[in-house]
Amino acid sequence: MDMAAPRHIKTTCPYCGVGCGVIAEVSGTGDVSVRGDESHPANFGRLCSKGAALAETIGLDDRLLYPQVNGAHTDWGSALDLVADKFGAAIRDHGPDSVAFYVSGQLLTEDYYVANKLMKGFIGSANIDTNSRLCMASSVAGHRRAFGADTVPGCYEDLEVADLIVLTGSNLAWCHPVLYQRIVAAKEKRPRMKIVLIDPRRTATSDIADLHLAIKPDSDVALFLGLLRYLARSGALKRRYINGHTTGFKEALQSAELLDLYDLVRRTGVAGATLEQFFALFAATEKVVTVYSQGVNQSASGTDKVNAIINCHLATGRIGKPGMGPLSVTGQPNAMGGREVGGMANMLAAHMNIEDAVHRERVQRFWQAPTIAAKPGLKAVDMFRAVADGRIKALWVMATNPVVSMPDAGNVEAAIRNCPFVVVSDVTAATDTARLAHVLLPAAGWGEKSGTVTNTERRISRQRTFLTPPGDARPDWWIISEVASRMGHGAAFTFSEPAEIFAEHAALSAFENDGARDFDIGAHGTIDAAGFEDLEPFQWPRTKQGSSVERMFTDGRFFTPDGKARFVNVQAPALAATEPGFPLTLNTGRVRDHWHTMTRTGKSARLSRHYAEPFVEIHPEDAARHRIGEADLVRVSTGLGAILVRALITPRQQPGSIFVPMHWNDQFASRARVDVLAASVTDPTSGQPALKNVPARIERFVAATYGFAVLRRKPTQIAAEYWAIAKCEGGWRVELAFAANSDDWPAFVRDLVGSDGEPAAYSDSETGRMRFACYEDGHLAGTVFLAREPVAVSREWAVSQLVEGNSSPRTRSAVLAGRPGAGGIDRGAIVCACFGIGANEIAGAVARGCTSVAAVGAATQAGTNCGSCRAEIRSILDAQLAAPAAAPRVVVPA
Ligand SMILES: Nc1nc2c(c(=O)[nH]1)N[C@H]1C(S)=C(S)[C@@H](COP(=O)(O)OP(=O)(O)OC[C@H]3O[C@@H](n4cnc5c(=O)[nH]c(N)nc54)[C@H](O)[C@@H]3O)O[C@H]1N2
Ligand SMILES: Nc1nc2c(c(=O)[nH]1)N[C@H]1C(S)=C(S)[C@@H](COP(=O)(O)OP(=O)(O)OC[C@H]3O[C@@H](n4cnc5c(=O)[nH]c(N)nc54)[C@H](O)[C@@H]3O)O[C@H]1N2
Ligand code: SF4
Ligand SMILES: [Mo]
């Protein structure tokens, strides 16, 4: 092959469950760039800001390159022997249930399949659970209750042909941006399409909503019971469908009848007329899709929320037809694949049931396994409780960061720290969880590994290899198989490539199936390496005989014993009393440009610009009550702990509710792990934690000195009460606050910058403002701004000095003055990540007469690539006065 010719490899984005097709181009010199795959049916060429920045996140900084035992570099043989020995010893001495795997929806199906096979069939325990417990468990449980199987009925095309889309507990604009863009495009073509958003917050997604119901937290069950009651009273029921294809309607309706409009208004906090407007729209529109995500799943009533939604679709027969149905959008790239291989503590492989002796015997026989787990294992929250109280002697964490993402994260951290033997497989060397491992195993990352993922609409796509794994990194399936054979199970784990694993998984899905189980991809049971290489994206099921299926339940038959769907008789949950001392509801979730615990997006300067520090969104009334001003620091606390984050005051929040993103952790901020605050309250059916409704309180944190710094090198430690660090072009930017004043600020600055030279300094004794700049060989190594109040320097401008700043007298004086010199510009906080266009530039374009998002795009380029920021551009357009949806306005030019 000509080394200079670029290669183009079709693969799949490793972030969200939309599952967009990506084409990676590797140039002759090895440079990688990515673009959307126009032939992929999930995205038809579109990508969001995260997908578009993928090439910036595959660098080797922070990569875990070699196996480590107790912090020391070792070889694979020794590390794998040790893992097998320790797991083997625990099983011998304390039984199979004394070990556990905690895995992830970010593993490929092949990795997941092997981990599940080892635990359930060869170790003989079901103690394998996954971060999908925090994510999809309520949807899984709801599907199984209603349909008899974990089946997603519809597909993406339904979103384009629907006349009404109800988005509940989903911030689609930021979390599934390509689906959001598909809806935006469909609505532009067919303006009569209506969109209703149900979310306590006015998120960026409200931009396309015709109606927004800002419900009280966790009032969804009541709302959908109210809808069912309205449907019954307004003649919108499909009696033929209910009688022919469902059971349990009468009881479900009786429960719905218990709530009248007055109760609904009280519970939801939404005006009666607005509720009725929504109900009437739903009743009158045949083609309705209800999309839901974590505002539904992550709740103590999560499974009931799912069934309350499904009940309304069954009652109107709106399921299994184009443009109709409930649609649980999945979070992680392979949340679905994990469910298909049965990688949860209460499931068995290939959508078989662990409670069913026939299924257990069948899986054991297929695997020719010595044993099979006889009962469900520990779900995530219980698993970490068992780690804490010493029942788990050996724990293996793969592709997830529970010290950040589990509720009660402080106690989860302590449990892992005290566990006798902990293995972590990751791609990143320093994560909050990895730092506690006895054994660290370097996994191959995106682009280096090969296998399949399944997206929200049951579409299985290939992830393909286009990079060589660095150092000693190896694919997860290989690591697990090696440990399995060292534990004496070699014959069942002889896999030499992912195609063999996929073929086995496909064969098991068809094994003694004959239509009784939904998940059947028997068509691929004998696929070979070449066939696997060429495998095109397809939707399951795809049986030996049949072709792929777009929509399930088209014939009104379900996977229950009688073939009928079940109405679930859900009740509105008891109203929670407020916890004394903790009057606010803490809601948590995501921002547009960061992914979870930031191990990958935190490497991209572009993605770190949208929000550069952890924050709490507070309604102006609550802020005033607590004397919290814009850009102040806020301590958010619960009985379990406290975090320190920046105030972002916005009417998009309801009074009484606050919102903190889940992303920031000990690698990026001094104290911002929000899951430290959340108690392990779980849904009784699914075991999914309630991460959206945590009683909390806030206080203003008054610092003696505030600071902001831009640094060429990442500091090794930061001596400040509050710090938050973000990647920027040419280096790092750091927000700072100090509880006490220092008598030697120059020494602090030298440490932070990591520079020996004496910093140039400017200080104003009257205002207490100080500025320092350190130069190395004529280039800025770091600049630090300190003040008694939150530092008011333009962040974007200060950051630009790392790239542009040289030590000419003019730029030196500008750096010390803390603002652009004559002719300099301040772009403002970045809104468009793709082109780096700031709020000030967009506001400027509006001031110059742009009146539409398209006009702003034409004038500035903002929003013209991935489109993820269009909602925010519109909000700047719409409300120059109110703070924009994103972009914390901490950054006011001096
Ligand atoms: N940018 C980005 N995208 C992502 C991810 C990421 O980390 N970053 N992660 C991916 C993953 S794994 C997941 S699971 C998805 C999550 O995707 P989403 O579920 O859309 O995201 P969240 O921000 O967790 O929560 C969604 C909304 O639920 C609302 N909510 C809170 N309580 C309630 C309630 O009681 N009722 C209702 N109706 N709504 C409520 C919140 O205010 C929030 O706006 O995103 C995926 N996509
Ligand atoms: N408060 C609050 N907490 C939440 C949520 C919330 O909304 N609010 N959401 C929950 C949800 S829905 C989710 S999905 C979780 C997500 O939470 P986590 O799963 O903990 O988050 P990630 O940062 O995605 O962790 C993935 C880890 O796998 C590593 N990794 C990446 N690729 C590979 C690979 O190929 N192999 C291996 N071995 N490792 C790899 C990454 O470096 C990273 O350390 O958080 C949950 N926690
Ligand atoms: S919507 Fe964005 S993050 Fe999700 S799969 Fe597509 S490109 Fe990746
Ligand atoms: Mo998730």
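Indexing begins at 1, ligand by ligand and atom by atom, following the structure's order.
When the options S868, S49, S604, S608 are evaluated for a side chain to side chain donor-acceptor pair (under 3.5 Å) with D593, the one that passes is S49.
Contact atoms of ligand 3 toward G19: 5 (S) (distance under 4.0 Å to a heavy atom of the residue). Here is the list of ligand 3 atoms found below 4.0 Å of a heavy atom in V178: 1 (S), 6 (Fe). Listed by number with element, the atoms of ligand 1 under 4.0 Å from a non-hydrogen atom of R592 are 1 (N). Atoms of ligand 3 found under 4.0 Å from any heavy atom of Y15 (numbered from 1 in listed order, with element): 3 (S).
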Full working for side-chain contact (heavy atoms from CB on, under 4.5 Å) between D111 and K449: CA-CA 10 Å; D111 304 324; K449 57 196 290 181; 3.0 Å; yes
CA sep, side-chain torsions, deciding dist, call: Y292, S139, side-chain contact (heavy atoms from CB on, under 4.5 Å): CA-CA 9 Å; Y292 56 94; S139 281; 3.3 Å; yes
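The closest non-hydrogen atom to atom 10 (C) of ligand 1, taken over W174, W595, Y15, comes from W595.
Looking at atom 14 (S) of ligand 1, its nearest protein heavy atom turns out to be Q294 NE2, 2.8 Å. The protein heavy atom nearest to atom 13 (C) of ligand 1 is G331 CA, 3.2 Å. For atom 2 (Fe) of ligand 3, the closest non-hydrogen atom of the protein is C48 SG, 2.3 Å. Among all protein heavy atoms, the one lying closest to atom 4 (Fe) of ligand 3 is C16 SG, 2.3 Å. From the protein, the heavy atom lying nearest to atom 5 (S) of ligand 3 is C20 N, 3.4 Å. For atom 36 (N) of ligand 1, the closest non-hydrogen atom of the protein is D220 OD1, 2.9 Å. Looking at atom 8 (N) of ligand 1, its nearest protein heavy atom turns out to be H594 O, 2.6 Å.
Closest non-hydrogen pair, I9 versus R464, comes out as CG2-CB, 3.7 Å.
In this structure, M662 has no heavy atom closer than 4.0 Å to ligand 1. For the ligand labelled ligand 1, residue S299 lies outside the 4.0 Å heavy-atom shell. Under a 4.0 angstrom heavy-atom cut-off, T601 registers as lying outside contact with ligand 1. Heavy atoms of M136 stay at 4.0 angstrom or farther from ligand 1. Heavy atoms of N43 come nearer than 4.0 angstrom to ligand 3 in no pair at all. Ligand 1 lies out of reach of K216, whose nearest heavy atom is not under 4.0 Å from it.
Between H313 and F282, the ring-plane angle classifies as perpendicular under the 30° and 60° cut-offs.
Here C13 has side-chain heavy atoms under 4.0 Å from ligand 3, and that is the only part of it that gets that close.
The structure places NZ of K727 at 13.5 Å from CZ of R606, a figure rounded to the nearest 0.5 Å.
For the 3.5 Å distance criterion, the side chains of R133 and S686 fail to qualify, holding no donor opposite an acceptor.
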